[in-house]
There are 2 protein chains.
Amino acid sequence: MPVSEDADRTALLRYVERFALVLRASGIAPMPARVFAFALADDADRYTAGDLAAGLQVSAAAISGAVRQLVQWGLLAREREPGTRSDLYVLDDHNLWTRFVGAELDTLERLEETVAAGMEIIGVDRPGGRRLAETRDFFAFLRQELADAVSRWPAERDRLAAARSSSTRARPAGRSG
Amino acid sequence: MPVSEDADRTALLRYVERFALVLRASGIAPMPARVFAFALADDADRYTAGDLAAGLQVSAAAISGAVRQLVQWGLLAREREPGTRSDLYVLDDHNLWTRFVGAELDTLERLEETVAAGMEIIGVDRPGGRRLAETRDFFAFLRQELADAVSRWPAERDRLAAARSSSTRARPAGRSG
DNA sequence: CACGTATTTCACACATTTCTGAAGTGATTT
DNA sequence: AAATCACTTCAGAAATGTGTGAAATACGTG
């Protein structure tokens, strides 16, 4: 048992709030940001809604709303162990970062569509319309690049793990979740 | 002169609001989003604060705050024509998309720092800490990939322009703004 | 089928954000 | 040097967002 369980919990909570604050800067709502940060940083693999509420010291209602968002975004998966009556929430480990960027990709796609619609409304034969056309091209380019980058991540991850295990100790690369 | 100047303005304003709404989903505040969308979609190359206020039908104060943000982000440049007393705001054309993604890169960097700090606080020898380590690696990777992608854009833009001008008419590629 | 638990929904209080009008600041022109 | 114009700052009203407690619902067990 740690020197002080309470101190650890407090430090964790403070850190979760700090992490959540950065997440919120990207447009994520406070409570989903907190739940995500908590689920990532705390040690459990699965959390019941009760765990999350107790861990974050917030109401069950707040958790309900937050996990709904996170599950919708694919960052959290809802599971159910037979013989229990509470849902379990799990970070969708392997696909986690694909999902995370997936949200960005969706935004980029909506942006692209909106700009394309603007070209129709404004007309491409005018300065504004021409700027919109270039904007759309850029978003399309960026979206493709981002998608490619994400698809390269698993290989890169393995490469990093291999490099580390050989430079520190000869130990097979381990998965984190 | 268009059939109806008013109808065009209304359509533009409606579109600006729609565009701004998508921008806001990425965490940009309403008024900066509107000013950016307006400056991009309307036909002028430069706008005075008065132009923006009149065009968007909002107060001068609102413009003041919005352009401050946009200038800080580097999306808008402030200029001053000698012999006039009003500032001119210009979309920082050539670097525009570099800047746009630059904001994302900054967020990614803050995220990376925050996660790295978390590894210290939590300890990398625990499940939560190990997840944070992988998270940091991913953000570092993504940041690099994104920076690379942006640096490839100018060449890609020219390639697109060249392909288009040869497939439609034999005309030198034109710049949009 | 009734009970007990987990989860969701809802109305409300609280906090934050957003934009405006008015006052204040700085600079150029007359 | 006074007046005028552009811009910024500030306080406050309105709108929006956030999280809680309580009631309602769903679900699995005995």
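Naming convention: chains lettered A, B, ... in sequence-line order (proteins, then strands); numbering from 1 in each chain. Reckoned from all heavy atoms, side chains included, excluding hydrogens, waters and symmetry mates.
- Residues B:Arg78 and B:Tyr89 have side chains that bring a donor and an acceptor to within less than 3.5 angstrom of each other.
- Rounding to whole angstrom units, CG of residue A:Leu52 and P of D:dT20 are separated by 13 Å.
- Rounded to whole Å, atom C1' of D:dT8 lies 10 Å from atom OH of B:Tyr89.
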Query raised in the report: What is the per-nucleotide protein-contact pattern of nucleotides 13-30 of chain C, from the 5' end, where B denotes a base atom under 4.0 Å from a protein heavy atom, S denotes such proximity for sugar-phosphate atoms only, and - denotes neither?
Result: -----SSBB-------S-

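- For the pair B:Leu88 CG and D:dA6 P, the computed distance is 12 Å after rounding to whole Å.
- Atom CZ in B:Arg68 sits about 16 Å away from atom C1' in D:dA6, given to the nearest Å.
- One interatomic measurement links the two molecules: CD of A:Gln69 to C1' of D:dT18, which rounds to 13 Å at whole-angstrom precision.
- Taking the ring pair (Phe, Tyr, Trp, His ring centres under 6.0 Å) definition, one finds that A:Phe138 meets it with B:Trp97, B:Trp153, sequence neighbours left out.
- Taking CZ of B:Phe19 as the start and CG of B:Leu40 as the end, the distance is 5.5 Å to the nearest 0.5 Å.
- With DNA chain D read from its 5' end, the first of the two nearest nucleotides for B:Thr48 and A:Pro82 is the one closest to B:Thr48.
- In this structure, CG of B:Asp51 is placed 15 Å from C1' of D:dC5, rounded to the nearest angstrom.
- Considering only residues two or more places apart in sequence or on other chains, B:Arg99 meets the side-chain hydrogen bond (donor to acceptor under 3.5 Å, both in side chains) condition with none of them.
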Report task. For side-chain contact (heavy atoms from CB on, under 4.5 Å), just list the numbers for A:Arg143 and A:Leu146, CA-CA rounded to whole Å, side-chain angles, deciding distance to a tenth of an Å, and then say yes or no. Result -> CA-CA 5 Å; A:Arg143 190 153 68 95; A:Leu146 206 54; 5.8 Å; no

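- Between the side chains of B:Asp148 and B:Ser151, no donor-acceptor pair is found at a separation under 3.5 Å.
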